[in-house]
Amino acid sequence: MLKYFTPGKVYEVLLTTKSNVTPVGVVREGETLRFKLFKGRSFDDLLSTPEASIQITNDVQLIVKSALNLDTDIDIVSNKRWRWIKGLPGLYGIVQREVTLWKDELGETEVLQGKFIPVGEIQGRLSLRPFSRADCLLVEMAVLFTRFKVSSEEETCKKIKALYELYKHLGGNSELAEYIMENLKYRSE
Ligand SMILES: Cc1cc2nc3c(=O)[nH]c(=O)nc-3n(C[C@H](O)[C@H](O)[C@H](O)COP(=O)(O)O)c2cc1C
């Protein structure tokens, strides 16, 4: 499974911890996957329980819903120390973690630097889904929106609106894009 991850490139995968599922960007380094988590449920889960699963998906709706903590129709499988999403291919493993300080234009915060070491493989398959630029834009909108929720930066708000315009132009029609735009309006009032 790791062989499908080109070293150095960021891949968006789903991270399942003790009590949560969230998208996370991982980068392969040797036989491990590295990621960075800002404070939240997954951060807390990994601090107390360093076991997690990382699964791949081409379902953009699932990625975005997991980021926005909206209901999904996934089933979770529990197997001894691990939990994972039923049906998706991936890996379960141990997370070595270190909490460090992160500084950016929004200020200073704690961040969990995780190193995922695979223990075993999760069997599954991806559904047939043609590639769509609109889907890429929806993911990008969601990434920026999770940032906007913490920062309320005007610049981020503008970027999301611009992505939305292109998203619509390319035929995107997910209710998740509307959800983001509604909440953007509400939060920037
Ligand atoms: C495609 C995508 C990738 C993301 N990658 C990360 C990441 O690498 N680290 C992170 O802290 N948040 C990431 N996020 C934002 C989290 O999904 C979001 O903030 C989430 O609510 C985390 O909080 P939680 O652990 O409480 O669920 C990503 C969001 C999206 C849409």
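Atoms within each ligand, like the ligands themselves, are counted from 1 in listed order. Values reported hereafter were calculated over all heavy atoms of this structure, with side chains retained and with hydrogens, waters and symmetry mates removed.
Looking only at distances, no side-chain donor or acceptor of Thr49 sits under 3.5 Å from a matching main-chain atom of Leu46.
The immediate protein surroundings of ligand 1, defined as residues with any heavy atom under 4.0 Å of it, consist of Glu12, Asn20, Thr22, Pro23, Val24, Gly25, Lys36, Leu37, Phe38, Gly40, Arg41, Ser42, Ile63, Ala67, Asn69, Val139, Ala142, Val143, Thr146.
Relative ring orientation between Tyr92 and Trp82 is described as tilted, the plane-to-plane angle lying within the 30° to 60° band.
Alongside Ile117, the hydrophobic cluster contains no other residue (criterion: ILVMFWY side chains under 4.5 Å).
Minimum heavy-atom separation, Val95 to Phe35: CG1-CZ, 3.8 Å.
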N/O donor to acceptor pairs below 3.5 angstrom from side-chain atoms of residues 20-29, sequence neighbours left out:
{"residue": "Asn20", "atom": "ND2", "partner": "Ser42", "partner atom": "OG", "Å": "2.9"}
{"residue": "Arg28", "atom": "NE", "partner": "Gly30", "partner atom": "O", "Å": "2.7"}
{"residue": "Arg28", "atom": "NH1", "partner": "Leu2", "partner atom": "O", "Å": "3.1"}
{"residue": "Arg28", "atom": "NH1", "partner": "Phe5", "partner atom": "O", "Å": "3.3"}
{"residue": "Arg28", "atom": "NH2", "partner": "Gly30", "partner atom": "O", "Å": "3.4"}
{"residue": "Arg28", "atom": "NH2", "partner": "Glu31", "partner atom": "OE2", "Å": "3.3"}
{"residue": "Glu29", "atom": "OE1", "partner": "Arg34", "partner atom": "NE", "Å": "3.0"}
{"residue": "Glu29", "atom": "OE2", "partner": "Arg34", "partner atom": "NE", "Å": "3.0"}
{"residue": "Glu29", "atom": "OE2", "partner": "Arg34", "partner atom": "NH2", "Å": "3.4"}

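Sorted by first and then second residue, the pairs that involve residues 70-98 and meet salt bridge (charged side-chain N to carboxylate O under 4.0 Å, His left out), not counting sequence neighbours, are Glu51-Arg81.
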